[in-house]
Each structure stands twice: as structure tokens, then as C-alpha cells.
Amino acid sequence: MSLYYETAAMLQNAEGAGGSFKARLFRKKDLKSKPGQMYALVAEAAKWSPVLKGVVEGCGVLGEERKLTPILALLLAHDLLLSKAGVAAPKDHVLRLAIERHKARLAAALTKARISRRFPTLEAFRTAVDAGELEPEDGAAGEEMRHPRWVRVNTLKSRLSAQLESTFKGYEEVGNIGEILAARGSKKIYYKDENIPDLIALPSRVDLSKTPAYGKGEIIFQDKASCFPAYLLDLKEGDGDVIDGCAAPGNKTTHAAAIVASQNKGGDRKVMAFERDKGRSEILKKMVKLAGADGIVTVKAASDFIAAKLTSPDYENVGAILLDPSCSGTGIVGRDDAIKLHLPSADAAPTAPTQSHARNRKRKRETKPGKPSPETDAAPAKEMVLDLDEKPAQEETPLSSADKLADRLAALSTFQLHILTHAMRFPSARKITYSTCSIHFEENEGVVFQALATSVAKQRGWRVLRREEQVEGMRKWARRGQWEEGKLSGPVGVEGKKRQDILDGCIRCDKGTEQGTMGFFVAAFVREGEDGEVDGEAREAVDEMDMHVRKPAAPTAEQDGNSEEEWDGFSDEEGAAELKAKAEEMVAKQEQEKEAAAKKSMNKKRKMGKK
Ligand SMILES: C[S@@+](CC[C@H](N)C(=O)[O-])C[C@H]1O[C@@H](n2cnc3c(N)ncnc32)[C@H](O)[C@@H]1O
């Protein structure tokens, strides 16, 4: 089978196959063509497909050449017109003959397409296509594409100034993020972030994955919002060791390690990174090593943070904890790395004169065993959406259906509250950041208010870091926490100014706004006094909350006849064990659903591409 038949067959069977196109190519054992050549052909043809679709349709190739399907016509037209090596088939091959019959008209149509787009030469046209500048701007895909490419310079290995002089040499600095969001293709501009040090934003299509800096771990792709937790933790030399309780793939771990290293003048402070999942622990180890953080970070692979023994001497110097637990992931912006093949339609009326010898001819379509059937391709999709490459391991569990939302949020927030209150028990801990990439109150402010109401928070004096106390870049971030009435079990949470102060301490990011971030939430907790020495204001706040926030199953004062009896939070062994069991059950369920949900979403994306 020729390269073209084989590639077209792989593409036609793409739907529902699971995994990226690249993974499937390299997994397939019986291919006659080289997988690398097939991959390159599809990647290049896809880039040119918005142009080639019109070129092929305009010449009426599909109407005349019954052996060609839309996919074959696209691949062959690409190689005939744009590949230096030409069509990769013998001179008398039926496909080569079929496309070469139209060479003169196809070439003329391509020239016309170039001139109409005002490119003086084919090389200039090629540069624009390579930069993704021909991608349509409108529609949902366009929206997703406008999410910037955020790049954190890894100060363990490099400096922002050094990167601007090397990786980003020739890039022009712009004064606001709006210019990055509005930029098409991979325009060479960057924006230096005003909130997070060493962070820059670039237009979405800029591909840095092949740069030496990325390969060496000098730059890390990390959404701006995802940089908030380590920065908000505001680590100081006196904070001792740091724990990242939910670490893989490790973006926040390496960020925290970079901050620690910048202060570690000869010191031996450590970052301990817990990751419960075995597979993700391997990714974490690789990330830590690549970032040059392995001297500071100890990876606790396949280790449950909740099971970490508080009395272990390993943790006696832990002053700060970063917690970014599993969540619904509803704030994640789909960086749509999927590509679109714009396929020519057989029904489109030709705009150029067609071959006279072929006009009105009704040749029977031929099908050979093992070759894609033109019959099944007779009413082709106009677009085909393809995941070319593997995506980084998903860190979140997509919610499978809307009606399960309330249940899932309840289970997730139970787990999140449990892990957060566990962090609050570490003997020397004075700072915690709690974050999610969820947009839901239940997982965000809801968890914060419930955590503050627990006995461990009260006894140990944990409170939310007030906005005015926050590190400058976070203090000036405008979007703060918000209250949602009726979402917490029990009548109400803290009210009035006290509630508002806590909400002002919480930070939110919204997706799809002019800030260019994903949907995200983070709050920092601090405590100053010794255990049991709760400062007055904090005590007042938590006491007031305790009046209102109740565990759902807790008996009411009327029911148990004891008006003094209060639910004392999650610190009792029984409650903690119950929560742990519930959380573990939920997490196991999540894992089972993860694969199914990912497959379903890929199929949906493909179907949408066909419409
Ligand atoms: C949201 S992701 C963390 C992302 C990470 N902070 C980053 O920025 O790259 C949550 C991670 O926590 C892990 N996890 C969940 N529960 C855990 C537990 N009890 N102990 C340790 N890791 C846990 C999950 O397997 C998952 O890898």
C-alpha cells in the first residue's frame, strides 16, 4: 500500500480510536510506510489545509478523479505543490497520475491563493503558514487559541534577562496582555507579567517545545494562575522546610524550589513533594530533575500525604505547606493542541475550467482490499479534528455529567477539607496555601470557611492571610473570593465585615477573560501564636463561624437536647477516619472515571470537528 493510502486509512479510522495520532502510528506494528513520514505528511498537510481545500475544490479534482477521496486529494495536492520531494510514489502510480493530471491548474490556483492573501513569494506564504497565521480566528477554537502561552523562567537554571537575550531574541515587548491575546499566529511579541516575577506571556501559537531552553528545563510552561500558590506562600528563610502535599506533575513544586533556592544561601532547606499516584510520581521525578530541583526536592513517590505521620522527625522543620489537591478541574482552559484538517468537498463547484476529457464522466469508484473506501468517504466531513501529539498527563478529573455535579462537588470538597485540615496539624507549620483549578464555591471558599471552623484551625490559630498582608503581586490582583448563599451546609457562614475580610483574602482567577488565565482559586492560611494561643481577632472570627457551619449529619441542639453541644470539626479520630474512607472511595471512583471521561471528550471533539 502506498504512503498515501496507508496514511488516509489511518486518518479515516481515527474516530474513537483513542490516543493521539502519533501514538497510534507508532503503536501500529504492520505499517509498510515509515510512521515518521506519515506523521510529517499529516502535520504539514493539516497546516496547509485551509488553503489547499480551496485550491482542490476550485480545480474540481474530486469531481473528476474518482480514485481520490478528500483526504487523498489533500495529501497528494500538498506533496505535489509544496513538498520539495514531490509525490512519493512511482511515476505510473495511479494516485500520482490522478493528481499530476491537474498539476498546472492546481499550481495556478495556489499562486492565486497566495496573491489574494498578499504574500509576495511562496517562501513568505510558507512562513505565515508555519506560524499558524492562516488559522481561522472566529468560533470556539479561535477563543481557545487566544489563551496565551505562559512561560515561567526557571530561576534554578536561568534568568529572565538571559532568556530574553537568547530564546526570545528578536521578540518585542508589549505593554499589555491584551496585545498578546489579540495576536494571531506566532507573532514574536511578549508581555512581562505584572503580578508574578519571571513570568512572561506569548501568543498562543508560539511553539517553544523545540527550543533548547525548554529541552533543558530553563523555561517551564505554566499558566499564570498556577504560579500564584508558590508566590502567595511568600517563603522566607525562617520558614524552614516546605511540603508540597499534592505535587505531580510538579509545576508548583519546582516553583517553590526555585524560591527556596534563591534564599538558601548555604542553607539546607528542603522541599518534600508528596504524590500518591505511582505513574504521576514518575512524571514528577522527571520534572524535578529537568528543572534542576533534585538537590532541593525530595520526591515522596506513591505516598499519601494524609498518611504522613505528624510526629516524624522528617517534618519537624516544616514551616510551610503548599496544597493543590485533586479537584473538578472546571477552571482548566483546553489548550487546543488538536489540529484541524480542512478537507476539500466533492460537491463544491469548480472555479477553474476542468479537464475536458474527464467532464461529465461517471466512473465507478474502485475499492481495493485494505484501502480506504471512496464509498464510505463519499459524503466526507468538511473538517477533521485530530490530536496529533500526546498531551501532558491530565491532573484533574473531568465531571462526567451535569446531574452528578452536586454529588461530585460534595465528595471532592470532603476530600479537600480533609487534606487541608491534615496540613493544619503539622507541628511547625505556620503557612499553608490551598488552591484548586475549580470554579466552584464548594471546592474553594466553601472549603476555606469550613476549614476555619474546625477545632484544629481554632486551637492552632489558623486564619486566612488578609489581602493587605499579601505579597505585592497578589495584593494588587483585583479578583477576590466571593460568597454564594446557601452553598454551605448550616444556615450561614460568618457574616458582615468578617466574612468579607476572609473573602478578600481569597484569590480567584476566571477563565476566558482579558487576564488570560485559567479558572483558579487560592487562599493562604497563617498562624502566629503558639498552639492554643489564638489571637483575639482570629478567635472571634472562628467562634462566630462555629455558630453557623455544621457537619451535615451533626445532630442539632434540639435533637440531642444539649444546647452547648457543638460539632467540633474534623479533629476527632472518628471523624477523620470517616472522612478518609469517604475521600479514598471518591478518589478511587475518580480514577476509574478518568479514562472513560477522557475518551468520551476526545470523541466529542472529533464529532464537533465533523459538523
Ligand atoms: C491538581 S494535581 C497537582 C498539580 C501540581 N500541584 C502542579 O502544579 O503540577 C493533584 C495531584 O495530587 C495527587 N494527590 C491527590 N491526593 C493525594 C494525597 N492524598 N497524597 C498525595 N498526593 C495526592 C494527585 O494524584 C494529583 O497528581
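Nothing here was measured: the structure is a model prediction, and the numbers come from that model. Atoms within each ligand, like the ligands themselves, are counted from 1 in listed order.
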Just which atoms of ligand 1 are under 4.0 Å from any heavy atom in Asp304?
18 (C), 19 (N), 20 (N)
Close side-chain approach of Trp477 to Thr517, heavy-atom, < 4.5 Å:
yes
Number the atoms of ligand 1 from 1 as they appear, then name those within less than 4.0 Å of a heavy atom of Gly250, with their elements.
7 (C), 9 (O)
Return yes or no for this condition: an N or O of Phe415 is under 3.5 Å from an N or O of ligand 1.
no
Do Glu528 and Arg463 meet the salt-bridge criterion of a basic N to acidic O distance under 4.0 Å?
yes
Salt bridge between Arg480 and Asp504, side-chain N to carboxylate O under 4.0 Å?
no
Atoms in ligand 1 with a heavy atom of Asp324 nearer than 4.0 Å:
1 (C), 2 (S), 3 (C), 4 (C), 5 (C), 6 (N), 8 (O), 10 (C)
Atoms of ligand 1 less than 4.0 Å from Ala247 heavy atoms?
5 (C), 6 (N), 7 (C), 9 (O)
Under 4.0 Å from any heavy atom of Phe305, which atoms of ligand 1 are there?
18 (C), 19 (N), 20 (N), 21 (C)
Lys192, NZ: over 12 other non-hydrogen atoms inside 6.0 angstrom:
no
Heavy-atom distances under 4.0 Å decide this one: backbone, side chain, both or neither, for Lys252 against ligand 1?
both
Could you tell me which atoms of ligand 1, counted from 1 in the order shown, lie closer than 4.0 angstrom to a heavy atom of Gly245?
20 (N), 21 (C), 22 (N)
Would you confirm whether Asp510, through its side chain, and Thr513, through its main-chain N or O, come within 3.5 Å as a donor-acceptor pair?
no
Location of contacts on Leu322 toward ligand 1, heavy atoms closer than 4.0 Å:
neither
Evaluate Asn251 for polar contact with ligand 1, using N/O atom pairs at a separation under 3.5 Å.
yes
Just say parallel, tilted or perpendicular for the rings of Tyr315 and Phe274, cut-offs at 30° and 60°.
tilted
Per side chain to side chain donor-acceptor pair (under 3.5 Å), Glu445 is matched among His440, Arg508, Gln482 by Arg508
Strictly under 4.0 Å, does any heavy atom of Gly329 approach an atom of ligand 1?
no
Short N-O contact, Glu472 and Arg475, less than 4.0 angstrom
no
Min heavy-atom dist Cys327 to ligand 1 below 4.0 Å:
no
Any N or O on Asp277 sitting closer than 3.5 Å to an N or O of ligand 1?
no
Based purely on interatomic distance, does Ile419 place a nitrogen or oxygen under 3.5 Å from a nitrogen or oxygen of ligand 1?
no
Of Gln416, Arg276, Met287, the one whose closest heavy atom lies nearest atom 16 (N) of ligand 1 is Arg276
Give the contacting part of Cys437 toward ligand 1: side chain, backbone, both or neither, where contact means a heavy-atom distance below 4.0 Å.
neither
Please tabulate, for side-chain N and O atoms in residues 286-299, each donor-acceptor pair with protein atoms closer than 3.5 Å (sequence neighbours left out).
none

Any carboxylate oxygen within less than 4.0 angstrom of a Lys/Arg side-chain nitrogen, looking at Asp268 and Lys270?
no
Check whether any side-chain heavy atom of Arg152 sits under 4.5 Å from a side-chain heavy atom of Thr254, and report yes or no.
yes
With a cut-off of 4.0 Å, which atoms of ligand 1 are near a heavy atom of Arg280?
25 (O), 26 (C), 27 (O)
